> 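Below you'll find the structure I mean.
Atom set for the values below is all heavy atoms of this structure, side chains included, hydrogens, waters and symmetry mates excluded. Everything numeric in this text was worked out from a predicted model, so none of it was measured.
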There are 2 protein chains.
Amino acid sequence: MEKGIVHIFGNGTSASIQLEHLLESEGYVLQQTSNMDGLQEMVLRDKPSAILIDLDEFGDRAWSVCSELKDDMVMRKAALILLSSNEDESLRVKGLEAGADDFVAKPYSPREMLARIKAISRRISTGDGKKIRVKDIEIDLDEHRVRKAGKPIDLTYIQFKLLYLLASRRNNVFSRKEILEKVWGKKVYVTNRTVDVHIKRLREKLGEYKYPSQYIETIHGTGYRFL
Amino acid sequence: MEKGIVHIFGNGTSASIQLEHLLESEGYVLQQTSNMDGLQEMVLRDKPSAILIDLDEFGDRAWSVCSELKDDMVMRKAALILLSSNEDESLRVKGLEAGADDFVAKPYSPREMLARIKAISRRISTGDGKKIRVKDIEIDLDEHRVRKAGKPIDLTYIQFKLLYLLASRRNNVFSRKEILEKVWGKKVYVTNRTVDVHIKRLREKLGEYKYPSQYIETIHGTGYRFL
DNA sequence: GTATGAGTGGCATGCTCCTTGCAAAGATTA
DNA sequence: TAATCTTTGCAAGGAGCATGCCACTCATAC
């Protein structure tokens, strides 16, 4: 099993200190903080395999974090676990529906927490591998890099997310609405035309000059599809 | 979110009956049994999206099931959730390490269980999506693509919706009024004749040259039907 | 035969998509 | 800090395609 970084948002209780030791003895690297600003950058940089958020400490702020993490396909690689001493059922349901992978009551057992982190990671790591290979295109999610016939292609942040989305489900047709939600996020409002522009720029960098497109196909009236 | 079948191994407690109703109202199909023999065949046949196993009832027999499911790539598509009234930490850890995706204590909240099933399914979902197969025609909703004898047929937006409507309920006769409402929407006003035109173009692309029609039958004075 | 419903070819219209240029915001460098 | 480069979002023009309707022909029911 692959080890990784674990972000813990919340202060150190006795259980969390035990958990810390357990995780470290298992080969995980820990990062604990009580400041949730700049979470997005942090997650993108460190690519943690798990994120623990203490609801008692962060409360409502945590919900927006859940949806951010849920929407971003790069960040989704992390197991998102919520902690709370509040046993209320509706809170648990809310958390799970907001995108969390698990909801654990405090006080919790460190050993069980470790087992849960492993169980979720197991799910995430299997299935979609870290590299996507389509034709002569190779997309490396961890390195955040794209190669065509071995030669690296420089893509901007949006271009990468767009390509990754399309390539992650070949032949699936994505509507512009879907693309906007997955690449830009639910709240951001950006024109449909803008999607076209980014598709064009992406096609350019992939080296598409002629019709029919070799990689990205336009489905008139519907959306785009990666061949 | 993709719905599916849920296998429940264990007898009906009051919570499980509530859960049953919840799942059904969400569009899931349930299969409950207290016999675990032939599990492998059952799972392979039904491809459930979740499997709930009551440890109180099955005890040690459950562990072998966990590892079977864990090892089989096909079966891994299902969310495996263990239930137990035994709060013992080591049991929970054992279950999770054996390959279960979640471990829930009894008595459990049906709504939370539903949320957990969804949370896990979200991770697993690979979107081998909805397909309709009629004769040698195959309609793939996700790929927004139609195949005849394996060969792709290019349909326009309206043609696709029209075909999908007709094929979704074979042998059902759709009046032009009904077709207009379902394909064009309630407010749009379009002539009946236009429906004919689209039927004609659709028939053309499906490769219908001679009478009687192989796919779309005209019911004089009434409407159309997909055979 | 007559009346009504259905099929067809062609064409104008409008919509969708592609492309280019530009301006604003962000990142980088000196 | 100022200057430069990069990224991003949008508007507008233009090309191509899907659509909807007309007018006409053909089929069906009585």
> Reckon B/T191 has a side-chain N or O less than 4.0 Å from the OP1 or OP2 of D/dC21?
yes
> Rounded to whole angstroms, how far apart are NE2 on B/H144 and P on D/dA18?
13 Å
> For A/L80, is there any backbone N or O sitting under 3.5 Å from a side-chain donor or acceptor partner on A/D101?
yes
> With sequence neighbours left out, write down each residue that passes salt bridge (charged side-chain N to carboxylate O under 4.0 Å, His left out) with B/R133, or none if nothing qualifies.
B/E138
> Of all the choices, D/dG20, D/dA18, C/dA6, which nucleotide is nearest to the side chain of A/H220 once you look at every atom?
D/dA18
> Quick one: on DNA chain D, does A/K205 or A/V197 contact a more 5' nucleotide (nearest heavy atom)?
A/K205
> Which comes earlier along DNA chain C counting from the 5' end, the contact point of B/E204 or that of B/D196, where each point is its nearest nucleotide?
B/D196
> What nucleic acid atoms does A/Y224 come within less than 4.0 Å of, heavy atoms only: base, sugar-phosphate, or nothing?
sugar-phosphate
> Side chain of A/Y157 only, please: which of D/dT8, D/dC10, C/dG9 is the nearest?
D/dT8
> Round to the nearest Å and state the distance from B/I199 atom CD1 to D/dT19 atom C1'.
15 Å
> Expressed as a whole number of angstroms, how long is the span from A/Q159:CD to D/dT6:P?
13 Å
> Could you give the NZ-to-C1' distance, from B/K161 to D/dA18, as a whole number of Å?
14 Å
> Can a salt bridge be assigned to the pair A/R147 and A/D140 using a cut-off of 4.0 Å between side-chain N and carboxylate O?
no
> Using a cut-off of strictly less than 4.0 Å, decide whether A/H198 has a side-chain nitrogen or oxygen near OP1 or OP2 of D/dT8.
no
> State whether B/T218 places a side-chain N or O below 4.0 Å from either non-bridging phosphate oxygen (OP1 or OP2) of C/dG7.
yes
> Measure from CZ on B/R193 to C1' on C/dT4 and round the result to the nearest Å.
10 Å
> Please state whether the phosphate of C/dC17, meaning OP1 or OP2, lies under 4.0 angstrom from any side-chain nitrogen or oxygen of A/K200.
no
> Rounded to whole Å, please give me the gap between CZ in B/R176 and P in D/dG20.
15 Å
> Quickly work out the B/N192 CG to D/dC22 C1' distance and round it to whole Å.
15 Å
> Remember a base hit wins even if backbone is also touched, and classify B/I158 as base, sugar-phosphate or nothing at under 4.0 Å, heavy atoms.
sugar-phosphate
> Please state how far atom CG in A/L202 lies from atom P in D/dT7, giving the value in whole angstrom units.
13 Å
> Can you tell me if A/K205 and A/Q159 form a side-chain donor-acceptor pair at under 3.5 Å?
yes
> Whether the A/S84 and A/N86 side chains hold a donor-acceptor pair (N or O, under 3.5 Å, no angle test) is what I'd like checked.
no
> State which of D/dT8, D/dC10, D/dT19 makes the closest approach to the side chain of A/V190.
D/dC10
> Kindly say if B/R203 contacts the phosphate of C/dT8, meaning a side-chain N or O under 4.0 Å from OP1 or OP2.
no
> Over 60° means perpendicular and under 30° means parallel, so classify the ring planes of B/F160 and B/H144, tilted if in between.
parallel
> Tell whether B/R201 reaches the base of D/dG20 with its side chain through a donor-acceptor pair below 3.5 angstrom.
yes
> Any side-chain N or O of A/W184 less than 4.0 Å from the OP1 or OP2 oxygen of D/dG9?
yes
> Looking at A/T156, does any N or O in its side chain come under 4.0 Å of the phosphate oxygens OP1/OP2 on D/dT8?
yes
